[in-house]
Undergrad: 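Could you have a look at this structure, given as structure tokens, before my questions?
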Number of protein chains: 2
Amino acid sequence: MVKRPADPANGSAPAARQVPMRDFSRSLPMSLLRAREAVMRQFRPSLREHGLTEQQWRILRALAAIEAVEVTELARTAFLLGPSLSRILRDLEARHLVERKTAKADQRRSMVSISKEGVKLMASVAPTSEAIYAEITRRFGARKLAELQDMLGALEQSLAELGGAEEASSEE
Amino acid sequence: MVKRPADPANGSAPAARQVPMRDFSRSLPMSLLRAREAVMRQFRPSLREHGLTEQQWRILRALAAIEAVEVTELARTAFLLGPSLSRILRDLEARHLVERKTAKADQRRSMVSISKEGVKLMASVAPTSEAIYAEITRRFGARKLAELQDMLGALEQSLAELGGAEEASSEE
DNA sequence: GGGAGATACTTAACATGTTAAGTGAATGCG
DNA sequence: CGCATTCACTTAACATGTTAAGTATCTCCC
């Protein structure tokens with residue numbers, strides 16, 4: 001707790017304060033990151049008790065709403081990159097929480113679905129999860145929450161057209 | 001592009017549609033995640049061209065504003081966990097982008113500062129970075145952006161008091 | 001002044017993010 | 001038909017997220 005007074009005379013003077021930029025802590029990415037972390041911090045303990053990570057939970061939730069999906073489609077729904085999903089599915093399958101079988105019409109595709117055990121696990125997690133979400137909603141305000149979600153959606157839209165990778169010029 | 005018609009008669013019926021929950025894609029964590037990803041997708045290519053990851057850039061930015069900081073304080077500013085920061089600092093130091101020296105008064109602490117090379121690198125990245133940020137602001141609207149940041153801050157506040165880990169009961 | 005406990009990191013171990021490459025299976029077209 | 005492309009994943013490799021241990025210092029109090 002002894003807040004030491006910085007001591008700038010600590011040797012040679014470092015080369016700082018020379019590139020003026022927006023206050024870092026108020027940048028949009030940081031705001032979004034902190035907000036999301038604040039939210040997830042509420043859920044993680046509960047998920048952890050049930051042996052699930054955030055991403056595994058996302059996958060189960062995505063699967064719970066449908067009969068079966070292709071891996072690629074699931075990746076889009078759960079917002080995971082292919083490689084991550086590939087690994088996680090391997091593990092979830094080993095734990096018998098999801099099932100997978102190759103599509104008959106196209107041997108490249110595999111259809112993924114949640115298993116009975118998976119459903120059971122979800123049922124045991126969902127109540128707590130919903131309760132936490134409800135508490136968050138209560139604290140922040142349902143109206144404000146809806147408003148926030150709208151703005152986030154609008155932000156996504158604004159940047160969707162912008163693509164996001166075509167501007168490299170000097171290398172390759 | 002051949003949108004296959006789901007084919008639910010693909011064998012045994014999977015066990016889905018039994019745990020009703022909010023529409024997954026509209027959950028707050030997902031909204032925040034997607035929004036943040038949409039934003040970062042704009043910055044990553046530019047950072048990558050300069051051989052920096054998002055987190056490395058965060059660290060440099062945090063350091064640019066001050067003379068020197070303790071690692072713990074830097075972790076808070078750059079919003080990184082200790083272990084991540086420890087690894088990244090090791091690498092940034094090896095690349096001579098940051099400097100580190102143990103505090104004289106307390107051998108446990110080390111003071112981190114950005115190097116001249118680090119400043120130079122920042123100077124070469126900052127313009128593009130600022131331009132991208134400006135474009136995002138233009139597209140989404142400066143007013144809405146400020147409003148969004150306010151809401152995100154408010155959300156953090158709402159959940160700050162809630163702590164975020166004291167509710168485990170059955171284990172340990 | 002010496003040992004218990006708190007501090008400030010660092011390591012370790014495992015899971016995911018991210019990009020690139022690899023693999024086997026469809027497709028298109030000459 | 002035959003083969004180059006495209007597709008739908010999976011592997012690989014490296015960086016970070018996340019939690020738990022480990023290590024060296026410091027502090028405090030008897």
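Here is how names work: the chains are called A, B, and so on, in the same order as the sequence lines, proteins then strands, and each is numbered from 1.
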Undergrad: If you only use heavy atoms from C-beta on, which nucleotide in dT16(C), dT19(C), dA8(D) is closest to the side chain of S84(A)?
TA: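 So the nucleotide nearest the side chain must be dT16(C).
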Undergrad: In whole Å, I'd like the distance from the CG atom of L47(A) to the P atom of dT18(D).
TA: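 It works out to 13 Å between those atoms.
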Undergrad: Can you tabulate the close N/O pairs, meaning under 3.5 Å, that link protein atoms to atoms of nucleotides 21-26 of chain C?
TA:
unit_1	atom_1	unit_2	atom_2	d
dA26(C)	OP1	Q107(A)	N	2.8

Undergrad: In Å and rounded to the nearest 0.5 Å, what is the CD to CD distance from E93(B) to E99(B)?
TA: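 If we round to the nearest 0.5 Å, E93(B):CD and E99(B):CD are 8.5 Å apart.
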Undergrad: Evaluate the side-chain proximity of L32(A) to L152(A): yes if any heavy-atom separation is below 4.5 Å, no if none is.
TA: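 In contact.
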Undergrad: I need the single residue from V112(A), L97(A), I114(A), L89(A) that forms a side-chain contact (heavy atoms from CB on, under 4.5 Å) with I59(A). Which is it?
TA: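 The side-chain contact (heavy atoms from CB on, under 4.5 Å) with I59(A) is passed solely by L89(A) among V112(A), L97(A), I114(A), L89(A).
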Undergrad: Under 4.0 Å between a side-chain N/O of T72(A) and OP1 or OP2 of dC9(D), yes or no?
TA: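 Result: yes.
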Undergrad: Check whether any side-chain nitrogen or oxygen of R100(A) sits under 4.0 Å from OP1 or OP2 of dT10(D), and answer yes or no.
TA: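 Checking R100(A) against dT10(D): at least one side-chain N or O falls below 4.0 Å of OP1 or OP2.
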Undergrad: Looking at R90(A), I'd like to know whether one of its side-chain N or O atoms comes within less than 4.0 Å of OP1 or OP2 on dT10(D).
TA: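 No, no such contact exists.
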Undergrad: When the distance from CG of L74(A) to P of dC9(D) is rounded to whole Å, what number comes out?
TA: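 The answer, rounded to whole Å, is 10 Å.
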Undergrad: Reading DNA chain D from 5' onward, which residue's closest nucleotide shows up sooner: E37(A) or G82(A)?
TA: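 Nearer the 5' end of the strand: G82(A).
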Undergrad: Grab the CZ-P distance between R41(A) and dG17(D) for me, whole Å please.
TA: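 Whole-Å distance recorded here is 14 Å.
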Undergrad: Holding to side-chain contact (heavy atoms from CB on, under 4.5 Å), I want the full list of residues that pass it with R138(B), two or more places apart in sequence or in another chain.
TA: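 Here the qualifying residues are E135(B).
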Undergrad: Quickly work out the L33(A) CG to dG17(C) P distance and round it to whole Å.
TA: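 Checked: the CG to P distance equals 14 Å.
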Undergrad: Which residues satisfy the side-chain contact (heavy atoms from CB on, under 4.5 Å) test with R34(B), sequence neighbours excluded?
TA: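 In terms of side-chain contact (heavy atoms from CB on, under 4.5 Å), with neighbours along the sequence ignored, R34(B) is linked to F79(A), E156(A), S25(B), M30(B), S31(B).
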Undergrad: Looking at dC14(C), I'd like to know if its phosphate oxygens (OP1 or OP2) sit under 4.0 Å from a side-chain N or O belonging to R48(A).
TA: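 Answer is no, no contact under 4.0 Å.
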Undergrad: Round to the nearest Å and state the distance from R95(B) atom CZ to dC14(D) atom C1'.
TA: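 Atom-to-atom, R95(B) to dC14(D), this comes out as 13 Å.
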Undergrad: Which distance, rounded to the nearest 0.5 Å, do you find between the OG of S86(B) and the CG of L81(B)?
TA: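 It comes to 11.5 Å.
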Undergrad: Quick one: on DNA chain C, does S86(B) or L85(A) contact a more 5' nucleotide (nearest heavy atom)?
TA: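 Comparing both residues, the 5'-ward one is S86(B).
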Undergrad: Rounded to whole Å, please give me the gap between CZ in R58(A) and C1' in dA15(C).
TA: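 Checked: the CZ to C1' distance equals 13 Å.
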Undergrad: Is T53(B) close enough to dT16(D) that one of its side-chain N or O atoms is under 4.0 Å from OP1 or OP2 there?
TA: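 Answer is yes, contact under 4.0 Å.
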Undergrad: Is the closest side-chain heavy-atom distance between Y133(B) and Q42(B) below 4.5 Å?
TA: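 Y133(B) vs Q42(B): side chains apart.
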Undergrad: Expressed in angstrom and rounded to an integer, what is the separation of I88(B) atom CD1 from dT10(C) atom C1'?
TA: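 In whole Å, dT10(C) C1' and I88(B) CD1 are 14 Å from each other.
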Undergrad: Please state whether the phosphate of dG17(C), meaning OP1 or OP2, lies under 4.0 angstrom from any side-chain nitrogen or oxygen of Q55(A).
TA: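 Q55(A) to dG17(C) OP1/OP2: side-chain N or O found under 4.0 Å.
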Undergrad: Quick one: L52(B) CG to dC14(D) P, roughly how many Å, whole number?
TA: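 These atoms are roughly 19 Å apart.
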Undergrad: Tell whether R87(B) reaches the base of dG17(D) with its side chain through a donor-acceptor pair below 3.5 angstrom.
TA: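 Such a pair exists between side chain and base.
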